[in-house]
Protein chains: 2
Amino acid sequence: MKASKGSPLLEKVKQRGDLHAAGCPSRGVLEHVTSQWGVLVLVALKEDGTHRFSELRRKVGGVSEKMLAQTLQALEQDGFVHREAHPVIPPHVDYSLTPLGEEVAVHVEALTSWIEDNVHRVMTARTQALPRKKAS
Amino acid sequence: MKASKGSPLLEKVKQRGDLHAAGCPSRGVLEHVTSQWGVLVLVALKEDGTHRFSELRRKVGGVSEKMLAQTLQALEQDGFVHREAHPVIPPHVDYSLTPLGEEVAVHVEALTSWIEDNVHRVMTARTQALPRKKAS
DNA sequence: CCGTATCCGCTCCGATACTG
DNA sequence: CAGTATCGGAGCGGATACGG
């Protein structure tokens, strides 16, 4: 939607995303960052710095080559991950966080750390959750 | 603060999740919290407190009834959301964060706020990202 | 008003094969 | 080693109808 009433301040609003709005580009960014493998890749790179492709694959348990490549491309395109390919044989590619990636990874890691620390509380809650209907 | 050295305290380690392990239950918790609608629901409840079902549906743009109900059930089962159904006609159901939910929502909101504030930087990065192949 | 149940298209994802 | 291309099954998610 175009703001035909040209208030300069209104233009600025465009720059701050609103995740409650369905069409906002920030939704896409959120999807990339909080995607199943996106979270784990960001944390892995934050914890241990630069990784090669296969290192990441080993570190992030259960991820397939396809999804890892796909995830890395999304994060690279969003400017969170830096990809450096060395033109040697055999190929050698290093992935690391950009400054932008470091910033977002701080928050992601805070979240994952909390989950790791409190997963037992959640498991307890699940046990006590009474099924709304009879288990068949 | 807890110095565990080969003591029975080691058993406690089991209670701390490891998101890098594919089979760890913490993976499931992460999935719920960082799911597309899970994130937005947690933030909505954190920002404005108690919501009714239809309020939530209006607030979280683009969510369907099915996915909202599904998301709320997952978060309720994990102990993040409290569901209170008033037995009146027409039915009236309130959703709010539990203390556990408040804790995790702090981190989730920190992440979403960062994204909203910095989405323009990401969009800039996307523009400058050179397509490895023809743009899709 | 607040869900649940069913159907069904569509996307995601894993497996496989291939290239540089 | 580090990807890309293609195929096919599985499950997500939307629309609709219905129950409490």
Side-chain angles (χ1 to χ4, degrees), chain A residues 22-23 27-28 30-41 44-45 50-77 81-96 129-136, chain B residues 22-23 27-28 30-41 44-45 50-77 81-96 129-136:
Chain A
R27 282 282 181 94
L30 181 70
E31 283 303 292
H32 289 164
V33 171
T34 63
S35 69
Q36 160 144 182
W37 305 117
V39 170
L40 298 178
V41 165
L45 290 177
T50 300
H51 283 73
R52 300 185 57 174
F53 185 86
S54 48
E55 284 176 339
L56 272 175
R57 184 143 156 57
R58 244 172 287 118
K59 174 140 190 166
V60 180
V63 68
S64 67
E65 285 185 18
K66 179 179 181 177
M67 292 315 297
L68 181 56
Q70 197 170 300
T71 301
L72 284 170
Q73 283 182 21
L75 293 177
E76 184 194 1
Q77 214 209 338
V81 164
H82 173 67
R83 178 182 186 271
E84 182 153 11
H86 304 281
V88 298
I89 295 179
H92 186 124
V93 183
D94 285 324
Y95 292 95
S96 57
L130 40 99
R132 207 170 293 175
K133 88 184 226 183
K134 152 177 93 175
S136 57
Chain B
R27 281 283 182 93
L30 181 71
E31 283 304 292
H32 289 164
V33 172
T34 64
S35 70
Q36 162 144 166
W37 305 117
V39 170
L40 297 177
V41 165
L45 291 177
T50 301
H51 283 72
R52 301 185 54 174
F53 185 85
S54 48
E55 284 176 339
L56 229 38
R57 182 145 154 59
R58 246 174 285 117
K59 174 141 191 167
V60 179
V63 70
S64 67
E65 286 185 16
K66 179 180 179 176
M67 291 316 297
L68 182 55
Q70 196 169 301
T71 301
L72 284 169
Q73 282 182 23
L75 293 177
E76 183 194 3
Q77 218 211 335
V81 164
H82 173 67
R83 177 181 186 273
E84 182 153 11
H86 301 99
V88 298
I89 294 180
H92 184 125
V93 183
D94 285 325
Y95 292 95
S96 56
L130 42 100
R132 207 173 294 172
K133 67 187 263 187
K134 191 176 159 189
S136 56

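Proteins come first, then strands; the chains are lettered A, B, ... in the order of their sequence lines, and each starts at number 1. These numbers come from a predicted model, not from an experiment.
Here dG3(D) presents its C1' atom at 13 Å from CD of Glu76(A), a figure rounded to the nearest Å. One atom, CD of Glu31(A), and another, P of dC12(C), lie 10 Å apart when rounded to the nearest Å. Atom CG in Leu68(B) sits roughly 14 Å away from atom C1' in dT4(C) (whole-Å rounding). Spacing between atom CE of Met67(B) and atom P of dG14(D) amounts to 6 Å, rounded to whole angstrom units. Across the protein-nucleic acid pair, His86(B) atom NE2 and dG3(C) atom C1' stand 16 Å apart, rounded to whole Å. Atoms CD (Gln70(B)) and P (dC12(D)) sit 7 Å apart, rounded to a whole Å. Distance CG (Asp94(B)) to C1' (dC2(C)): 12 Å, rounded to an integer number of Å. Leu72(A) has its CG atom 14 Å from the C1' atom of dT4(D), to the nearest Å.
In the helix from dC1(C)-dG20(D) to dG20(C)-dC1(D), the end axes, each obtained as the rotation axis mapping the C1' atoms of four pairs onto the next four within a five-pair block, lie 50° apart to the nearest 10 degrees.
Side-chain N/O atoms of His51(B) and Asp94(B) include no donor and acceptor closer than 3.5 Å.
Between Arg52(B) and dC1(C) there is no side-chain polar atom (N or O) within less than 4.0 angstrom of OP1 or OP2. When the side-chain nitrogen and oxygen atoms of Gln73(A) are compared with OP1 and OP2 of dG3(D), none of them lie within a distance under 4.0 Å. Look at Tyr95(B) and you'll find a side-chain N or O under 4.0 angstrom from OP1 or OP2 of dG3(C).
The heavy-atom pair separating Ala44(A) from Leu56(A) by the smallest distance is CB-CD2, 4.0 Å. Here the closest non-hydrogen pair linking Ser96(B) and Thr50(B) is CB-OG1, 3.6 Å.
In this structure, Gln36(A) CD and Ser35(B) OG are separated by 11.5 Å, a value rounded to the nearest 0.5 Å. Taking CD of Glu55(B) as the start and CG of Leu45(B) as the end, the distance is 10.0 Å to the nearest 0.5 Å. With rounding to the nearest 0.5 Å, the separation of CD in Gln70(B) from NE2 in His32(B) is 9.0 Å. Rounded to the nearest 0.5 Å, atoms NE2 (His92(A)) and NE2 (His86(A)) are 4.5 Å apart. Taken from CG in Leu75(B) to CZ in Arg83(B), the straight-line distance is 13.5 Å, to the nearest 0.5 Å. Note that the OG atom of Ser54(B) and the NZ atom of Lys59(B) stand 13.5 Å from one another [nearest 0.5 Å].
In this structure, the side chain of Arg57(B) engages the main chain of Val63(B) through a donor-acceptor pair within 3.5 Å.
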Just the atom pairs and distances: protein N or O near nucleotides 15-20 of chain D's N or O, under 3.5 Å.
none

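Comparing atom distances between the Arg83(B) side chain and each of dG14(D), dA2(D), dG3(C) picks out dG3(C) as nearest.
Against DNA chain C, the stretch residues 33-41 of chain B makes no heavy-atom approach under 4.0 Å.
By the 30° and 60° cut-offs, the orientation of the rings of Phe53(B) relative to Tyr95(B) is tilted.
Along DNA chain C, the nucleotide nearest Val93(B) and the nucleotide nearest Val63(A) are compared for position; the residue whose nucleotide lies closer to the 5' end is Val93(B).
The side-chain heavy atoms of Trp37(A) and Val60(A), taken from C-beta on, include a pair separated by under 4.5 Å.
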